[in-house]
Amino acid sequence: MLDLQLLRNDLENVVQRLAARGFALDMRSFQELEQERKAVQIRTQELQAKRNQTSKQIGVAKSKGEDVSAIMAEVASLGDELKAAEEKLAYIQNQLDDVLMTIPNLPHESVPAGKTEADNVEVRRVGTPRHFDFAVKDHVDVGEGLKLLDFETAVKISGARFSVMKGALARLHRALAQFMLDTHTQEHGYTEVYVPYLVNADSMRGTGQFPKFQDDQFHVCADNLYLIPTAEVPVTNIVRDEIVALEDLPVKFVSHTPCFRREAGTYGKDTRGMIRQHQFDKVELVQIVHPSASYAALETLLGHAETILKKLELPYRVVNLCMGDMGFSAAKTYDIEVWLPAQNTYREISSCSNFEAFQARRMQARYRNEKNKPELVHTLNGSALAVGRTLVAILENYQNADGSVTIPAVLRPYMGNAEKLSA
RNA sequence: GGAGAGAUGGCCGAGUGGUCGAAGGCGCUCCCCUGCUAAGGGAGUAUGCGGGCUUAAACCUGCAUCGAGGGUUCGAAUCCCUCUCUCUCCGCCA
């Protein structure tokens, strides 16, 4: 949510910056609505002030035993107009709210202009894609070849976009999550948190999934709860409606959770394999920081995610998302893309964003500033990493000619020191 | 699932229809006092939104907010209804 004050005081500039990221804000209708709000609010408050004042007089007069019928008649005449004014104000404010809740965040000045993925700017490449002297298989063929990955059974149990992993592959999946958690807690100073996977609508609103992306979420109707699409939702909402002490900033959480996404509107996209699933695991980093520190925090958080890929010795690149390709709530986003030899391309494995105060304003997440006044925090998060896609990258990059897969050195302690997955 | 009790500021806690945004305490800030420390005295200290105001701060002023939403009333923290959550007891359960 953007600051209403900013929209009032600097609308033209806001409209321009939103247009740059592909969002058309109807300036005239906003102004009209805002003007009406102002007039109705002033009138409503006048009437309320009058009613309050008169009612107070009644109390005073009664306590002195005076006759109050004249004053009561006076205040009674306010009733209808006041009620109408209050209703109209509530209606207008709801409309303004609806507009406000569907406006995306303003991009930071360091975000490149552009409309699509093609306009994203590569920041760096790390590692060199391995040369294969045999025909590379994709992760589906590698996994199924080892009889450790089974999509047919997943279809029987649940349907498309689910997977079943077995044996050493299931263990490797678990090992990856453990390795990521250990790295972030032991080397990067994050506190591990275990959180609910079902959340209420307020939490979804807080991080920006609602109201705009309601259709993308799994909804448990009987209890009116939603399956989390990312740990970002429960973890960031830890500070919803809270005032964090200045000395407790930055707050750094890491959490390993499953993520559930309906993937509405992606029919036909990435239908093969584990790239795009309704359910996948992710290790998520979340930081709650002082506003002056958020851009520095974004760089270090990105570095923390990169560390995992470096330790796994997987080639990757970092891209700075252009305005048109950024998510709804983000002010700036870096994606990390891992090399997938079978696709002969880099594919997203992490997304690290600074939301500035956009989520904090929706959540009323604040800290006490140097003057002891509550002020909105800045929030950030990043995947570090998406576990399923990391597994895909290992299967493809570490595959051998005989169909086996070498286990990256850092994972072997988690795998009973095994060196390979083999049939 | 059944029965009961409760939800008030940063925290604790009083308040059952009228000058209550809310006693008192704790905490915090400032000032005074005291060689230091400890103790003491005084003042201040909720949030959101609007208006004054064309930028920011400060200030003045209005409205709203006592778990949430409705209702009764000239007037609601207080009375009524619905919901949410917490606690206690019973039942069930990994």
Side-chain angles (χ1 to χ4, degrees), chain A residues 1-14 30-31 33-101 194 196-206 220-226 234 237-249 251 291-292 357 360-377:
Chain A
M1 192 162 81
L2 297 181
D3 186 359
L4 234 190
Q5 293 299 342
L6 188 67
L7 283 158
R8 285 178 186 148
N9 296 333
D10 203 10
L11 183 61
E12 226 163 293
N13 186 23
V14 171
F30 178 83
Q31 275 171 327
L33 198 57
E34 171 57 19
Q35 245 168 29
E36 202 184 356
R37 185 229 99 227
K38 188 165 170 173
V40 175
Q41 181 164 357
I42 290 173
R43 181 64 187 148
T44 306
Q45 292 190 351
E46 273 173 15
L47 290 166
Q48 285 170 327
K50 196 167 172 193
R51 179 206 57 200
N52 291 347
Q53 215 180 338
T54 318
S55 292
K56 242 173 207 181
Q57 285 172 23
I58 294 174
V60 174
K62 266 196 169 170
S63 68
K64 290 180 192 157
E66 294 166 6
D67 177 49
V68 293
S69 54
I71 321 178
M72 287 197 32
E74 187 190 332
V75 75
S77 68
L78 289 175
D80 287 347
E81 192 187 352
L82 178 57
K83 198 172 178 192
E86 281 176 339
E87 276 168 11
K88 189 163 186 194
L89 181 62
Y91 178 73
I92 294 168
Q93 268 171 343
N94 270 336
Q95 277 188 303
L96 268 173
D97 251 19
D98 287 349
V99 172
L100 210 56
M101 289 297 269
Y194 172 85
Y197 304 155
L198 289 165
V199 297
N200 57 33
D202 283 342
S203 293
M204 286 291 207
R205 207 170 295 117
V220 181
C221 300
D223 300 284
N224 208 19
L225 292 169
Y226 300 85
N237 273 280
I238 288 173
V239 294
R240 169 152 57 87
D241 295 321
E242 298 290 333
I243 299 175
V244 182
L246 182 63
E247 60 268 25
D248 290 337
L249 295 179
V251 176
S292 66
R361 189 171 293 110
R362 290 172 164 238
M363 289 193 294
Q364 284 304 300
R366 295 171 295 176
Y367 73 102
R368 278 195 195 280
N369 68 14
E370 294 72 3
K371 290 176 189 160
N372 218 31
K373 279 277 169 203
E375 200 173 297
L376 297 171
V377 296

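Note that this is a predicted model, so its numbers are computed, not measured. Lettering follows sequence order; numbering is per chain, from 1.
Between the P atoms of G9(B) and A14(B), the separation comes to 13 Å (whole Å). Of the P atoms belonging to G69(B) and G6(B), the separation is 22 Å, rounded to the nearest Å. Nucleotides A68(B) and G10(B) place their P atoms 13 Å apart, quoted to the nearest Å. Here the separation of U78(B) from G70(B), taken at their P atoms, is 14 Å to the nearest Å. Using P as the reference atom, C60(B) and G44(B) are 13 Å apart when rounded to the nearest Å. Atom C1' of C53(B) sits at a distance of 31 Å from the matching atom of A43(B), rounded to the whole Å. As rounded to the nearest Å, G4(B) and G62(B) have C1' atoms that lie 44 Å from one another. A gap of 36 Å separates the P atoms of U88(B) and A39(B), to the nearest Å.
Of the possible polar contacts, one joining the Arg362(A) side chain to the Arg205(A) backbone as a donor-acceptor pair under 3.5 Å is found. For the pair Arg366(A) (side chain) and Glu375(A) (backbone), a donor-acceptor distance under 3.5 Å is absent. Here the side chain of Ser203(A) pairs no donor or acceptor atom with the backbone of Val199(A) at under 3.5 angstrom. Put simply, the side chain of Asp223(A) never gets that close to the backbone of Leu225(A): no donor and acceptor are under 3.5 Å apart.
Residues Leu100(A) and Leu7(A) are in side-chain contact: their nearest non-hydrogen atoms beyond the backbone lie under 4.5 Å apart.
A close approach under 4.0 Å does occur between a side-chain nitrogen or oxygen of Arg51(A) and OP1 or OP2 of A64(B). Checking the phosphate oxygens (OP1, OP2) of G75(B), no side-chain nitrogen or oxygen of Asn52(A) falls inside 4.0 Å. Distances shown here put every side-chain N or O of Asn224(A) at or beyond 4.0 Å from the OP1 or OP2 atom of U84(B). Between Arg366(A) and G48(B) there is a side-chain N or O to OP1 or OP2 distance below 4.0 Å.
In this structure U72(B) sits in no base pair that meets the Watson-Crick or G-U test at under 3.5 Å. Within the shown strands, nothing qualifies as a pairing partner of C93(B) under the Watson-Crick or G-U definition with both distances less than 3.5 Å. Across all strands shown, the partner of A3(B) is U88(B), judged by Watson-Crick or G-U wobble contacts whose two distances both fall under 3.5 Å. If you check A22(B) for Watson-Crick or wobble pairing at under 3.5 angstrom, you find it has no partner at all. Using Watson-Crick or G-U wobble geometry with both donor-acceptor distances under 3.5 Å, C33(B) finds no partner in any strand shown. Both distances falling under 3.5 Å, in either a Watson-Crick or a G-U wobble arrangement, occur for no nucleotide opposite C66(B). Base pairing annotation: A38(B) forms no Watson-Crick or G-U wobble pair, as no partner gives both donor-acceptor distances under 3.5 Å. If you check A57(B) for Watson-Crick or wobble pairing at under 3.5 angstrom, you find it has no partner at all.
For the residue pair Asp10(A) and Asn13(A), a side-chain donor N or O sits within less than 3.5 Å of a side-chain acceptor on the partner. If you check the side chains of Glu242(A) and Gln364(A), you find no donor sitting under 3.5 Å from an acceptor.
Rounded to whole Å, atom P of A57(B) lies 10 Å from atom CG of Asn9(A). Atom CD in Glu242(A) sits about 11 Å away from atom P in G10(B), given to the nearest Å. Following rounding to the nearest Å, Leu100(A) (CG) and C49(B) (C1') show an atom-to-atom distance of 13 Å. In this entry the distance linking CZ of Arg43(A) with P of G51(B) reads 17 Å, nearest Å. Rounded to an integer number of Å, the gap from CD1 of Ile71(A) to C1' of U19(B) is 14 Å. Put simply, CD on Gln45(A) is 13 Å from P on C49(B), counting in whole angstrom units. The interatomic distance linking Arg240(A) (CZ) with G48(B) (P) rounds to 17 Å, in whole Å. For Asp10(A) and U55(B), the CG to P distance is 11 Å, given to the nearest whole Å.
When heavy atoms are screened at a 4.0 angstrom cut-off, Gln93(A) is found touching no nucleic acid atom at all.
Nearest to the side chain of Val60(A), among A64(B), G75(B), U19(B), sits U19(B). Out of C74(B), U47(B), G62(B), the shortest distance to the side chain of Ala49(A) is found at G62(B). Counting only heavy atoms from C-beta on, Arg368(A) has its side chain closest to G10(B) among G75(B), G10(B), G51(B).
Take the nearest nucleotide of RNA chain B for Gln5(A) and for Pro374(A): the residue whose nucleotide is more 5' is Pro374(A). For Lys38(A) and Ile243(A), each mapped to the nucleotide of RNA chain B holding its nearest heavy atom, the one lying further toward the 5' end belongs to Ile243(A).
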Derivation of the side-chain contact (heavy atoms from CB on, under 4.5 Å) call for Asp202(A) and Asn237(A): CA-CA 9 Å; Asp202(A) 283 342; Asn237(A) 273 280; over 6 Å; no
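Side-chain atoms of Lys56(A) and base atoms of G18(B) include no donor and acceptor less than 3.5 Å apart.
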